[in-house]
Structure formats: structure tokens, C-alpha cells
There are 2 protein chains.
Amino acid sequence: MANTAPAPALPDAGSPGNMGDVRRSNLALVMGRIAQAPSGSHLTRAQIAASTGLTKASVSSIVLDLLETGILREIGLNPQGERGRPGVGLELNPARGVMGMEINVDYIAAGVTDLSGAVVVQEIRERDNRGSESAPVLAALAALAVEVRTAALGKGVEVLGGGLAVPGLVDAGSATVLAAPNLGWLDVELDLDRLLPGLPLGITLFNEANAAALAELARGPAGRHDFLYVSGEVGVGGGLVIRSELFTGPEGHAGEVGHVVVDPAGSRCSCGGTGCLETVAGQDAIFAAAGIAGKGKSRLESMSALVAALAEDQPGALRAVERAGTSLGVAVASTARVLNIGAVVLGGHFAVLERWLRPSLAESLARYAPGKVFPEHITIAAVEEGGALLGAAGSVVRSLVEAPHRLQH
Amino acid sequence: MANTAPAPALPDAGSPGNMGDVRRSNLALVMGRIAQAPSGSHLTRAQIAASTGLTKASVSSIVLDLLETGILREIGLNPQGERGRPGVGLELNPARGVMGMEINVDYIAAGVTDLSGAVVVQEIRERDNRGSESAPVLAALAALAVEVRTAALGKGVEVLGGGLAVPGLVDAGSATVLAAPNLGWLDVELDLDRLLPGLPLGITLFNEANAAALAELARGPAGRHDFLYVSGEVGVGGGLVIRSELFTGPEGHAGEVGHVVVDPAGSRCSCGGTGCLETVAGQDAIFAAAGIAGKGKSRLESMSALVAALAEDQPGALRAVERAGTSLGVAVASTARVLNIGAVVLGGHFAVLERWLRPSLAESLARYAPGKVFPEHITIAAVEEGGALLGAAGSVVRSLVEAPHRLQH
DNA sequence: CGAGTTAGTTTATCGCTTGAACTATATAAT
DNA sequence: ATTATATAGTTCAAGCGATAAACTAACTCG
């Protein structure tokens, strides 16, 4: 129930195809058209038929199914003025939504968006989760989630499914957090169904950086289908989006740019490796190199101190960030060559420090991947706050759009 | 006609699905079962029905279609001894094959395999293609291909399609060699239909390292679905296989391990970058570091000289190869982290030098990607000669197996 | 030789798309 | 107002492909 990994619209070779598959595929096709239409565009059955290539008869039948599930809604208003019988508009039902959740080092969060991605409710609760057992954290999150769900229901939005983002390696299939060093979690299997029971779509587990990358895909500039999202947090995470799909690799945790080797002669990393990007460009590494004491300060305070130091042109801070930019360039260059990726989106502290990071990053990319990653393809994340939460929710919506039959019966 | 990129068995969302798609999907399903059966296993319709989940009636109808295209054959012989009516065996028609072709720096080659991958004819012709215009090279290859085709026909094998491997960046869609530095080709669009006209499946263009990786997938140890193939030639190329699929990235040329940065302070690379793996582990780089003069010697001669030097424990040669191994380790470690890949297959000169390369490579991997790539997952290529050729041919066969309807009518 | 067993084909049925005919509802022309 | 025209959406017969069950075919066993 909880394991709703993004499934292909049509069955993978291995199981026989039947006419039900055709139906499912066409349900997804129609659903996709409606989902990608700009809101207020008054899409009609006839238009869908024309743009998809399906016949009007098929579209009518498919739309009927979708209306019955409740994810679609007819709009009575018909914009007159054109000749001929006016069509009935179709749109995603604004009374249905999904919940995004996040567990992070300093906080837990939950929010509900409707199916078009608009935020209905959102709640962040500070909580020091470092080294905490998973049970109390999940209990706190469950309480928050129930609150947020009733708040959404109060606004007329019913929650169909959920996504949970966690800062660590996850196995979505078994709902297990394999390793979240900053939380101190190792091989923790989460009982997601108990977190928020009775959701028709269940709850899916995501890696935080991957979820943030997905948010960037959904909410960033249109037409960008391939990029590397680099998430600067305590560690350095990454999310790879290739042809508008999250690329997760054979075991589901690709995109770990934080552990690309940027200096073979570098220092030891918490992962056991040597010279990883994280040892130069992670938050702790930058604070240390900039001479900002971390003791007693929260990460947010340290970050403000760093920005202040940079604004005052303090050489130590400038040098630390410059070095991070150069190393980030090396890591991105290597990744770009191996993966044939030409665009980079900076998130987390890399977005905050972009002004000071960019020169050395651009220079480094020009040196190590000339003609591959151009400065204009280095951008900062469009989503500032709650990226992981929004990305997790958005991904659940997307998987629903790609397999709407899951709501039937 | 020529652009037969491996297509999914079922239509990508975007075009309406109809019952024809179901048929195509099930044709591929049945075809797949027959193709993956060990030769001589006497697969029957009933067995296929049982293992695929299709009904006997459907299988019969599908098999009939496949027999009509000529890719399948019934075996009259029925192994008696079991009770009940004996089934008729089905197998890939050994009278059908595909042609693999290769253009490389020092030679051109063409060969025909049958649909089960067995080599029917193979011909390598030495030819210095360095800096040569594409037209004469293609003319020579066309002549060779025609010869090989008639030779195959003489052995009763009809060629259905072909694959051409080239050492450079290619765009399979437009049959264009974007850049092949070692040939001196830049943006050369190939007229593949003229190379060998009248093939029902056309001819597909491949990158050499990618094709070799595919050969490794098809002919290497069974059960290995994810690996990085590193091809050591004049340059260092790579092929990424993920979940038994070639991963080519958004623009079709992922896997370029040769240009991962292994030493930010390293020397300039022919690609314009700095400190790329190729500047340390490419053939020329190793020869130079080992003190083996390239002047006047062919690459083969230089390689023999190097192996001889290594066998004699000459320190210069040992150091050069050790350094290459260390750098290869850095590049593989970075790649492994970004792509979540845990196995490496060494091809080209890396396979030849494996004995001397392995210690430093293993040590390097232990240092830079501890717990990710284990020494026992570093193996040398199972295919020694003509890997690219076999891989290109095999990939064409595979795309046929995945979409057998392309031969209908 | 007949009973039992398994392979493969035939036939009726069902589900889904298609295309054409048809109904519904608007604007534009008379 | 009435009629013509245009467009939206539904209905209905036809076709295709999968399914299940009945049937025929070909072998082994006793």
C-alpha cells in the first residue's frame, strides 16, 4: 500500500498485456493532458481528443471514469462567444490533495497541496532530531500530519496520499531509511501506513535532495528537463533529473555528488572516503575554513555570521567560499561528463552563497568541463523553502497522474 | 529507416494506446522468452503460455505471426519419453542474422551473427583511418560489408539489419558522428542506408565503448545488470549499463569516464579540460610515462613493448601503470557515487594490463569509495576481440526482440 | 487397445478503441 | 423569429485482441 514507486503507465515486459493496459495507458494520457494544462484554460473533451489523437468517444468514456474517481471536476461555466456548442471545462478537482512531509535535522514539517500543486496548509515545527530514536520523531510527525490533514479538510481538501522526505539514503520499496548520518539513523524501517492511515495512495519515502530536485523540476523554469540539483545542507546531497525523470540508479541512490572526489590528496570524509566534495563544500567544512565557530551556535546563526563576514569582505570567509566553489566545479564537471548533463541547480546554502560562489564555480567549470556546462546554465533553486516537502508531494501527484487507475474502486 | 533506436515495447505516453499496442507488447513478450531460452531447450507454445501468463490461444496466435515474419522456426524433432502429446519446439530462426560493423583508428571490420548471437562470418581489414575523410572510409566499409553479407548468404543466413560502432560521440537519431577526435571527424552525417541497402531493420549507429559495454552485457557473466564498462583505447571511453539498459543520458553521450577529473592540478586534455583521466590512463599517456617511444611504432607494437617492460619489472613502466590504476580508481569512485554503480568491467588496454593495474586500482577504490566498489567486482571484459562489433550487432538483435512487429509486412 | 496426459486449435465472450451517425447547443445570416 | 452553420458530446455497430472453455491431436502407460 505504502510502496507506490512511480510506475510506468503500461506494464513492464514480463507480464502479459491486455486491454486493461490500454485503458490504463489512455487514462494516464488524458489525465496528463488535463494536469499539464494551465489552470483556467477550460480544457474540454473535444480539445483533449484533438490533442491526444483519441476519438471523442474514447475521451468521453475515459473522462467519465476519471470523474467517478473524484480527481477530475467539470466546470459549469462555459466561455461563450465562439460559434457552436460550448464545451464543458475539465480540471483537476481542487477538493483533492496530497500531503508532503519532511523530517530534517532541526525540524519536522507537513503540508498539503491540491493536485495542481497549490499549497493548502503548511506547518513547520522545530525539533532537534539529531541522534533521536526514530519512534518519537515519527510520533511527533504523525501528530503534526493529523493536524495538517484536518486543517486541509476544513478547507475542503481531502488527502489522497503522501510523500515523506528524509535526509539520507532510502529504499522506497521497503520504506526503509538505509542511512541518515545526520539523524543517526541506520537501517530504520518506517511503518508509513501508521503515520497517516487510510490513504488510498499510501505514503512514499523520498531522499531529501531527490525530492527537492523534483520540486525544482515541477516549479522551476519550464522546459528544463535535465539538470543536476546540488543540495547544500550539513552534507552535500544531489538529485539527478534526466528527461524529466528522477534518475536513481540501479539501487535507488544515485546523485550523491557530495562524495565525488575533488581532491585525491584531500582530507577524510565522514563516509570513509577521501577528498570528497563534502569535505570542502559542506556547511561544517565552510564554517571551519571561514573561521566561524560552530560551538553553541545553531546552523542558522552560523550561516548568518558567514554571510555577514562575506558582506564585509573578510578574506577568510571569501577564501573558504571560493574554495568550495572551485571544488563544486570539479565535482560538477566530472558528473557532467559521465552523465552528459549540462545544467546545475544550486540549492540549500549553495543558493544562499551563490553571489560569492559563482565566480570560482564558473571558472572551475570552464577549466574542467569546457563547452559542457556554461555559466548561464548554473542557476539557483526556484523553490526556496520546503523544497523537499513540495517535491515529495508533487511526486505523489505525478505518480497519480501517470497511473490514475489506482484510484478506481 | 536507419534510425532504429531501441524503442519501448509499448508506446510512450503521448500517443493513444490501442489494441495494436497490446499485440506488439505481447509479441515482444513471447519473442523475449524464446530469445532468452538457452539454445536446444525445445521451448513449446504451452511452456511459453505457462511462463508468460498468456493463454495458450494467445500464444498460438502470436507465434503464428512471428513464424510468418521468419524470425522464428519450428523444430520438428520432439523429445519423446514424456507422457502426453509432445510439443513443437520453437527457436530463433538460424537463417536470419544481423551485421555488426566497426570503424576504428587502425581498421575497419564487419561480421554477421545469427539471432542467437553466434558469429557466422567476421572480417577485419587493417586500414589507417586517422585523419581520413569519411567518404573513402565508408566506401571501403561498404565494400567489406557487401562481401561479408554475401558470405553469410552463402552459409544460409539472411541479414535483417545492422549496427555500426564508431570511436566517438554519435547521435543515433540523425546517424551523425558528432566528434571522433581520433579519426578527425567532426559532425559527419553518415548515409547509412547506402552502406548496405534494403535491410528491413536499417542500420543503427553506436558509440564504440557503448557497443562494447552492450557486448559485455550480452556475453559476460549472467545476472550482471549494472556496471561501468571502461574502454581503454587511444582515448578512454566508457559505457554505462544500468538495469540491463545502456544509459546514454539526456543527449545520448553519457559514460565519458575518460574525462572525469582525477587531478585538479593535472595537465591539459585534448578535450580542452584539465586533469582528465585520459591524460593519465590513455594509451599515449601511459606509453609516454613509461618511456616507450611512440614514433614509428604502431600502437600494437608499443603495447607489446609495454607488456614486455612490465614483465621485466622495469620501474618506469610499473610506475606508469600504477599511476593509471590509481587515477582510474579515482574516476571510478566518483562515478560510482554519482551513479550508484558497484561493478566495473575493464576493456581494451585496461584488460591487457589488468595484472599490473589491479593493485593500485583496488587500493584507490578502497580509499575513495570504501564499501561501494569491492575488488571482486572489478573484472576484465569477457569479450576480447571485436567487442564493439558484437555489441552493435547484439543491440540490433535485442531491439528486434523488443519490437518484433517491425518485421511484419 | 483404451485410459490418461499433455499440446495445440476452435469458438464464444468480453473489453476497449474506432468511426460514423446522431443529438445538443451555441453563433451568424436572413 | 427562423434557418443555416459550427462545434461538443453521446450512441451504436464494427473490429481487434485477450480469455476461458471446449475440443481435437498425439503421445505414454498399463
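What's counted below: heavy atoms across the whole structure, side chains too, no hydrogens, waters or symmetry copies. We name chains A, B, ... by the order of the sequence lines, and we start the count at 1 in each one. Since the model is a prediction, treat every value here as computed from it, not as a measurement.
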Selected nucleotide, minimal atom distance to [X] side chain, candidates [options]:
X: R83(A); options: dT27(C), dG17(D), dT17(C); answer: dT27(C)
X: V22(B); options: dT10(D), dG19(C), dG17(D); answer: dG17(D)
X: R85(A); options: dT7(D), dT10(D), dA18(D); answer: dT7(D)
X: A46(B); options: dA7(C), dT18(C), dG9(D); answer: dA7(C)

* Between the side chains of R33(A) and T52(A), is a donor N or O closer than 3.5 angstrom to an acceptor N or O? -> no
Pair R23(B)-S61(B), side-chain donor/acceptor within less than 3.5 Å:
yes
Side-chain N or O of [X] versus OP1/OP2 of [N]: is the shortest distance under 4.0 Å?
X: R45(A); N: dT10(D); answer: yes
X: R23(B); N: dA18(D); answer: yes
X: S58(A); N: dT18(C); answer: yes
X: T44(B); N: dG8(C); answer: yes
X: N26(B); N: dA18(D); answer: yes

Rounded to the nearest 0.5 angstrom, the CG-CZ distance for D114(B) and R96(B) is 12.0 Å
Rounded to the nearest 0.5 angstrom, the CE-CD distance for M31(A) and E402(A) is 11.0 Å
Could you give the [atom1]-to-[atom2] distance, from [X] to [N], as a whole number of Å?
X: R24(B); N: dA18(D); atom1: CZ; atom2: C1'; value: 15 Å
X: E82(B); N: dA25(D); atom1: CD; atom2: P; value: 23 Å
X: L29(A); N: dT17(C); atom1: CG; atom2: C1'; value: 13 Å
X: L43(B); N: dT6(C); atom1: CG; atom2: P; value: 18 Å
X: M19(A); N: dA14(D); atom1: CE; atom2: C1'; value: 15 Å
X: I48(A); N: dT10(D); atom1: CD1; atom2: P; value: 12 Å
X: L64(B); N: dT10(C); atom1: CG; atom2: P; value: 10 Å
X: K56(A); N: dC12(D); atom1: NZ; atom2: C1'; value: 14 Å

Nearest-nucleotide check on DNA chain D, L54(B) vs A57(A); residue mapping nearer the 5' end is A57(A)
NA contact type, S60(A), heavy-atom cut-off 4.0 Å: base, sugar-phosphate, or nothing?
base
Per side-chain contact (heavy atoms from CB on, under 4.5 Å), L164(A) is matched among L195(A), T204(A), V396(A) by L195(A)
